[in-house]
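Step one of this worksheet: look at the structure below.
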Amino acid sequence: MNPEKDFTPLTPNIVRALNDKLYEKRKVAALEIEKLVREFVAQNNTVQIKHVIQTLSQEFALSQHPHSRKGGLIGLAACSIALGKDSGLYLKDLIEPVLTCFNDADSRLRYYACEALYNIVKVARGAVLPHFNVLFDGLSKLAADPDPNVKSGSELLDRLLKDIVTESNKFDLVGFIPLLRERIYSNNQYARQFIISWILVLESVPDINLLDYLPEILDGLFQILGDNGKEIRKMCEVALGEFLKEIKRNPSNVKFAEMANILVIHCQTNDDLIQLTAMCWMWEFTQLAGRVMLPYSSGILTAVLPCLAYDDRKKSIKEVANSCNQSLMKLVTPEDDEPDEPKPGVQQQAEPNPDEALAKQEGTTSGDRDGSCDSSFSSSISVFPAASTERAPVTLHLDGIVQVLNCHLRDMAIGMMTRIAVLKWLYHLYIKTPRKMFRHTDSLFPILLQTLSDESDEVILKDLEVLAEIASSPAGQTADLGPLDGPDLQVSHSELQVPSPARGSLLHPPGTKGLECSPSTPPMNSYFYKFMINLLKRFSSEQKLLETRGAFIIRQLCLLLNAENIFHSMADILLREEDLKFASTMVHTLNTILLTSTELFQLRNQLKDLRTLESQSLFCCLYRSWCHNPVTTVSLCFLTQNYRHAYDLIQKFGDLEVTVDFLTEVDKLVQLIECPIFTWTV
């Protein structure tokens with residue numbers, strides 16, 4: 001420091017003492033400065049006061065010499081004490097040089113800076129609030145300081161500042177949120193602890209409504225929830241718990257839609273605590289917000305469905321996910337099946353579709369979750385477009401939901417409970433929104449047929465329920481179902497078409513003629529016949545499926561649909577089958593079911609009495625196809641009491657080639673004749 005420089009109104013003794021390496025001498029100089037400034041205050045000499053502060057700031061606090069910087073800091077604190085309530089007029093000049101010293105390499109100097117700022121803030125109290133952001137920024141850095149003395153000093157200052165904010169009603173929350181949003185992503189555990197402590201304080205102040213800005217900090221809170229430190233995780237849990245309590249108390253003031261995106265992401269992390277917490281929030285949101293959550297259904301399902309297959313190690317997450325899934329399903333109502341028609345004369349702006357944004361995401365979240373579906377989420381919180389303040393009536397975006405369900409059903413590695421949940425969703429959507437769902441049936445039908453080969457009987461049962469609903473729904477009678485809602489769902493319809501004769505030996509009736517329902521049965525839609533054709537195709541191509549599950553599938557279908565329609569249509573299709581071995585095997589399977597299954601009791605009674613046109617028509621239809629297998633033909637004659645014709649057929653058995661299979665079937669027929677099945681026909 002230049003000794004010849006003029007530091008007036010500071011005396012040479014004060015200047016010398018401020019530059020001394022001994023703290024006691026610098027303290028004496030500070031007392032002299034305090035006395036000097038008090039005199040200027042009494043004289044209302046603002047020019048001299050500013051001059052003293054500027055000199056202490058520029059020539060001492062920001063000096064290159066460490067002892068001078070220490071002297072400048074204690075001098076500025078002395079000025080603040082002398083100014084008292086008037087210190088608020090000079091806070092900018094008092095605070096800025098002190099905050100600059102927070103970055104000093106010397107830990108002792110950082111401590112002195114913290115001490116000086118404490119004294120300045122203690123005197124100014126509420127007057128420091130306009131400068132809160134710079135104070136918070138400085139404190140957030142000191143919270144992570146490696147020196148324990150500096151950290152201890154910053155904690156004292158932090159407590160003082162919290163007291164001031166708590167007792168004041170002039171805190172600028174709007175101006176503070178951008179800084180909080182930035183700082184909340186710090187990876188330093190002390191900085192995180194500092195952030196959470198401030199959030200808890202602000203949340204406890206009645207005049208500060210932090211809930212309005214929760215969407216801006218929620219993602220950061222979930223990031224902190226994954227901290228390695230138990231204490232920080234616990235603090236964050238408490239903070240999130242307090243927010244959730246307030247959300248439950250005031251759901252009408254909550255921006256649910258803006259936070260749905262964030263929860264979807266964190267529901268998919270590998271951290272159990274984060275996933276459980278996010279899933280609990282999502283469940284509460286579906287209950288509190290109701291149909292507001294519908295536009296985010298595809299994202300929610302992407303997060304929830306895999307959790308349903310968790311084992312007992314993640315039982316809590318599984319249970320909450322199941323509750324969330326049930327709550328979301330209840331939000332879908334028949335009104336979602338109404339056509340989305342714009343009001344006449346009103347030009348509507350296209351509403352952003354969250355489901356489309358979901359399908360376009362690439363990458364995964366920071367949790368590195370596993371998943372084979374294409375609809376993965378990026379680490380950005382903006383998975384969906386931000387919710388508008390003026391929203392149109394809530395719309396169920398079926399495209400994205402069907403895409404997610406289709407994706408999970410195709411994933412063979414997915415757990416059984418997840419597959420069951422997917423099928424329950426499809427069944428629910430066909431019940432509640434049949435008109436819109438039939439636009440997607442052609443894309444879903446092949447995978448639903450493929451699911452019949454699943455290892456789980458429970459999965460197959462749910463799959464059959466969906467297929468039966470498709471086959472019997474009146475909505476399937478519509479001639480023109482309209483274009484699909486999204487280009488990703490416009491797939492080939494070839495799986496559903498009646499095979500042409502050119503395609504070889506598999507089930508190729510020349511048309512749908514002959515596939516009409518019996519007059520005595522309820523009508524089925526066009527998908528019923530396509531279902532029967534493709535089911536038989538699958539049995540033909542997968543012999544193991546027919547052997548292990550064929551009877552089970554057909555019996556269940558007879559419960560879900562009309563048994564007469566099933567047998568009538570299958571018999572008519574098999575009549576044109578060119579693969580005679582398969583036709584014989586299939587007829588044998590159908591015949592065994594007809595004779596032995598309790599589900600077919602009514603149909604057997606109908607065939608007993610051939611006096612009506614309906615029963616005669618059914619018998620003729622079955623008889624033509626049953627001729628693929630001689631033994632089944634005879635058993636059908638016994639069942640319908642055509643004993644003379646059965647006798648004539650048995651006479652012809654001598655002309656047939658006797659094989660092991662033939663003898664086996666004859667043996668089974670003999671056993672059946674000895675059972676009560678035919679006793680009532682005698």
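We number each residue from 1, following the sequence as shown. Just so you know, these numbers use all the heavy atoms, side chains as well, and skip hydrogens, waters and symmetry mates.
Ile217 contributes atom CD1, which lies 9.5 Å from atom CD1 of Ile195 (distance to the nearest 0.5 angstrom).
In this structure a side-chain-to-backbone donor-acceptor pair under 3.5 Å is missing from Arg26 to Leu18. Side-chain N or O atoms of Asp20 include none that pairs as donor or acceptor with a backbone N or O of Arg16 at under 3.5 Å. Ser168 contributes no side-chain N or O that, together with a main-chain N or O of Ile164, makes up a donor-acceptor pair within less than 3.5 Å. A donor-acceptor contact shorter than 3.5 Å links the side chain of Thr55 to the backbone of His51.
Judged purely by distance below 3.5 Å, without hydrogens or angles, the side chains of Tyr310 and Glu319 never pair a donor atom with an acceptor atom. Checking Asp219 against Tyr185 by side-chain atom types alone, a donor-acceptor pair falls below 3.5 Å.
Looking at Glu24 and Lys27, no side-chain N of the basic residue comes within less than 4.0 Å of a carboxylate O on the acidic one, giving no salt bridge. In this structure, Lys151 does not pair ionically with Asp145, as no charged nitrogen and carboxylate oxygen lie closer than 4.0 Å.
The shortest heavy-atom contact between Pro295 and His397 is CA-CD2, 3.8 Å. The shortest non-hydrogen separation linking Ala144 to Asn188 is CB-OD1, 3.2 Å. Heavy atoms only, all atoms of each residue included: Ile120 and Ser80 are closest at CA-OG, 3.4 Å. The minimum heavy-atom distance linking Leu76 with Pro97 is given by the pair CD1-CG, 3.7 Å. In terms of heavy-atom proximity, His131 sits nearest to Leu91 at NE2-CB, 3.7 Å. Closest approach of Ala127 and Gly88 over heavy atoms only: CB-CA, 4.1 Å.
Among residue pairs with one or both ends in residues 193-213, those qualifying as side-chain hydrogen bond (donor to acceptor under 3.5 Å, both in side chains) are Asp158-Trp198, Lys162-Ser197, Gln193-Glu231, Asn209-Asp212; sequence neighbours excluded. Pairs passing the ring-ring contact (aromatic ring centres under 6.0 Å, His included) check and including a residue from residues 73-110, sequence neighbours excluded, do not occur.
Considering only residues two or more places apart in sequence or on other chains, Lys330 meets the salt bridge (Lys or Arg N to Asp or Glu O under 4.0 Å) condition with none of them. Partners of Asp104 under the salt bridge (Lys or Arg N to Asp or Glu O under 4.0 Å) rule, at least two apart in sequence or in another chain, are Arg69. In this view, Glu246 satisfies the salt bridge (Lys or Arg N to Asp or Glu O under 4.0 Å) rule with no residue, not counting sequence neighbours. Legend: residues meeting salt bridge (Lys or Arg N to Asp or Glu O under 4.0 Å) with Lys35, ordered by chain and number and at least two apart, are absent.
Counting heavy atoms from C-beta on, the side chains of Cys114 and Leu142 come closer than 4.5 Å.
Using bins of under 30°, 30° to 60° and over 60° for the plane-to-plane angle, the ring pair Phe136/Phe176 lands in the perpendicular bin.
Shown here is Glu167, whose CD atom has more than 12 heavy atoms of other residues, nucleotides or ligands within 6.0 Å.
Considering Arg313, Lys314, Lys318 in turn, Lys314 is the only one that fulfils the salt bridge (Lys or Arg N to Asp or Glu O under 4.0 Å) rule with Asp272.
Centroid-to-centroid, the aromatic rings of Phe285 and Tyr296 stay 6.0 Å apart or farther.
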